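Only one structure is covered here, and it is reproduced in the block below.
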Amino acid sequence: MRIILLGPPGAGKGTQAKKIATEFEICHVSTGEIFRKAVTEQTPLGKKASDYLDKGLLVPDEIVEEIVESRLDMSDCCKGWVLDGFPRTVNQAKSLEKYMRQKVLTLDKVVNIKVSFEYLIERFTGRRSCESCGATFHINYSPPKTSGICDKCGGKLIIRKDDEIETVKKRLEVYESSTFPLIDHYDQKHLLINVDGSKTIEEVFADIMQYLKDEDKP
Ligand code: AMP
């Protein structure tokens, strides 16, 4: 099973991608997580990417494409994958298509999680992330057991720099100009399914599974 998740930042792609990966026993590849980890660890990639992340801008295509291809080449991805946050431009989509042709792989579905921008701003402002392990919570929708403390590792919960309101607005603008055209791109290939991302996590997941259940499990 090979799936792409589309949707604006904050639509819940990460949460759904993790659930899909567990259900189908496939690999969850989040480019945002890869970049954030690299920034925290101050690797050469992190140093190149950090300015783009802080400003809510896209990391240049060539950097992202190289990172994704080397990730997909790893052995844990051989059973399949769900991509969260990639592709984000039509050029990235074309580069993925070229990579998949070379590896003789097919894409099963592209899931587009639809949410209004007003709703997203509300979601973002309540989002809290663990500064140690990156786990995310929401003060209203999925609060941690103890306020300000990560359930998973006990780390401190913070507002990520790229979740600050001005950065969020920039990320949404970038989504609209660069990523939104991908919806048409995949619709023309008859791969697109649309789900309503304003429902609860479990309802969105059930809707996605409804569409994916007829696909072959790996
Ligand atoms: P995300 O967590 O997916 O919203 O990604 C966080 C940030 O990482 C984005 O705002 C971009 O700066 C960068 N990023 C993640 N994925 C991509 C991508 N496919 N292309 C370019 N930049 C990306």
Side-chain angles (χ1 to χ4, degrees), residues 2-18 20-21 27-72 81-100 107 110-115 117 119-121 123-131 133-138 158-183 185-186 197:
R2 290 178 193 85
I3 305 164
I4 291 173
L5 283 191
L6 288 184
K13 295 190 297 294
T15 306
Q16 297 299 332
K18 283 191 183 75
I20 294 169
C27 197
H28 169 206
V29 177
S30 157
T31 42
E33 269 175 26
I34 294 173
F35 287 129
R36 279 188 291 278
K37 186 162 182 277
V39 171
T40 307
E41 291 171 358
Q42 296 190 323
T43 64
L45 171 68
K47 286 182 186 145
K48 274 191 225 164
S50 86
D51 214 31
Y52 295 99
L53 266 75
D54 285 352
K55 292 186 177 139
L57 299 174
L58 294 183
V59 176
D61 286 346
E62 5 13 297
I63 300 179
V64 192
E65 288 160 9
E66 198 186 318
I67 299 297
V68 172
E69 288 185 16
S70 46
R71 180 66 191 92
L72 298 184
W81 36 252
V82 50
L83 299 186
D84 152 20
F86 182 91
R88 243 173 163 108
T89 63
V90 173
N91 274 343
Q92 290 180 9
K94 288 185 177 160
S95 133
L96 179 66
E97 281 151 25
K98 186 171 165 211
Y99 168 86
M100 292 183 77
L107 189 59
V110 177
V111 180
N112 179 35
I113 306 182
K114 295 174 80 167
V115 201
F117 277 17
Y119 189 82
L120 288 175
I121 299 275
R123 260 199 195 175
F124 268 119
T125 47
R127 189 146 90 165
R128 300 291 179 269
S129 307
C130 175
E131 67 176 356
C133 75
T136 51
F137 300 85
H138 191 284
I158 54 158
I159 300 177
R160 243 163 51 188
K161 194 157 172 45
D162 61 345
D163 281 349
E164 286 170 8
I165 191 73
E166 285 314 312
T167 317
V168 166
K169 285 188 181 154
K170 186 73 210 161
R171 289 169 74 195
L172 292 176
E173 264 172 50
V174 169
Y175 166 78
E176 207 161 41
S177 59
S178 304
T179 311
F180 194 74
L182 283 179
I183 295 175
H185 179 84
Y186 287 116

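Everything numeric in this text was worked out from a predicted model, so none of it was measured. Indexing begins at 1, ligand by ligand and atom by atom, following the structure's order.
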(request) Before signing off on this row, confirm whether L57 and ligand 1 have an N or O atom pair separated by under 3.5 Å. (result) yes
(request) Among all protein heavy atoms, pick the one closest to atom 23 (C) of ligand 1 and tell me residue, atom and distance. (result) F35 CE1, 3.9 Å
(request) Run the numbers for me: atoms of ligand 1, each under 4.0 Å from some heavy atom of Q92, listed by number. (result) 18 (C), 19 (N), 20 (N), 21 (C)
(request) Output yes when the distance from some N or O of ligand 1 to some N or O of P9 is under 3.5 Å, and no in every other case. (result) no
(message) Salt bridge or not between D54 and K161? Use side-chain N to carboxylate O under 4.0 Å.
(response) no
(request) Count the heavy atoms of every other residue, nucleotide or ligand shown that sit under 6.0 Å from OH of Y119, and state whether that count exceeds 12. (result) yes
(request) Under 4.0 Å from a heavy atom of G85: give me the atoms of ligand 1 that qualify, with their elements. (result) 16 (N), 17 (C), 18 (C), 19 (N)
(message) Please check: side-chain N/O of H138 versus main-chain N/O of R123, any donor-acceptor pairing under 3.5 Å?
(response) yes
(message) Quick test of your reading of the structure: of R88, K170, R171, E33, whose heavy atom lies closest to atom 18 (C) of ligand 1?
(response) R88
(request) Consider only side-chain N and O atoms of H185 and E97, and report whether a donor and an acceptor are under 3.5 Å apart. (result) yes
(message) I need the contact type for K13 against ligand 1. Using non-hydrogen atoms and a strict under-4.0 Å cut-off, is it side chain, backbone, both or neither?
(response) neither
(request) Supply the atom-to-atom distance T31 OG1 to E65 CD, rounded to the nearest 0.5 angstrom. (result) 11.5 Å
(message) What I want to know is whether V59 and ligand 1 share at least one N or O pair that is separated by under 3.5 angstrom.
(response) yes
(message) I'd like to know whether CD of E131 has more than 12 heavy-atom contacts from other residues, nucleotides or ligands below 6.0 angstrom.
(response) yes
(message) Keeping S129 on the side-chain end and T136 on the backbone end, is there a donor-acceptor pair under 3.5 Å?
(response) no
(message) Heavy atoms only, cut-off 4.0 Å: how does L53 contact ligand 1, side chain, backbone, both, or neither?
(response) both
(message) Within the 4.0 Å heavy-atom shell around V64, which atoms of ligand 1 are there?
(response) 18 (C), 19 (N), 20 (N), 21 (C)
(request) Give yes if a backbone or side-chain nitrogen or oxygen of R36 is under 3.5 Å from a nitrogen or oxygen of ligand 1, and no if not. (result) yes
(request) Look at atom 16 (N) of ligand 1 and say which protein heavy atom is nearest, naming residue and atom and giving the distance to 0.1 Å. (result) T31 OG1, 2.7 Å
(message) Would you compute the distance between atom CG of L120 and atom CZ of R171 and round it to the nearest 0.5 angstrom?
(response) 10.0 Å
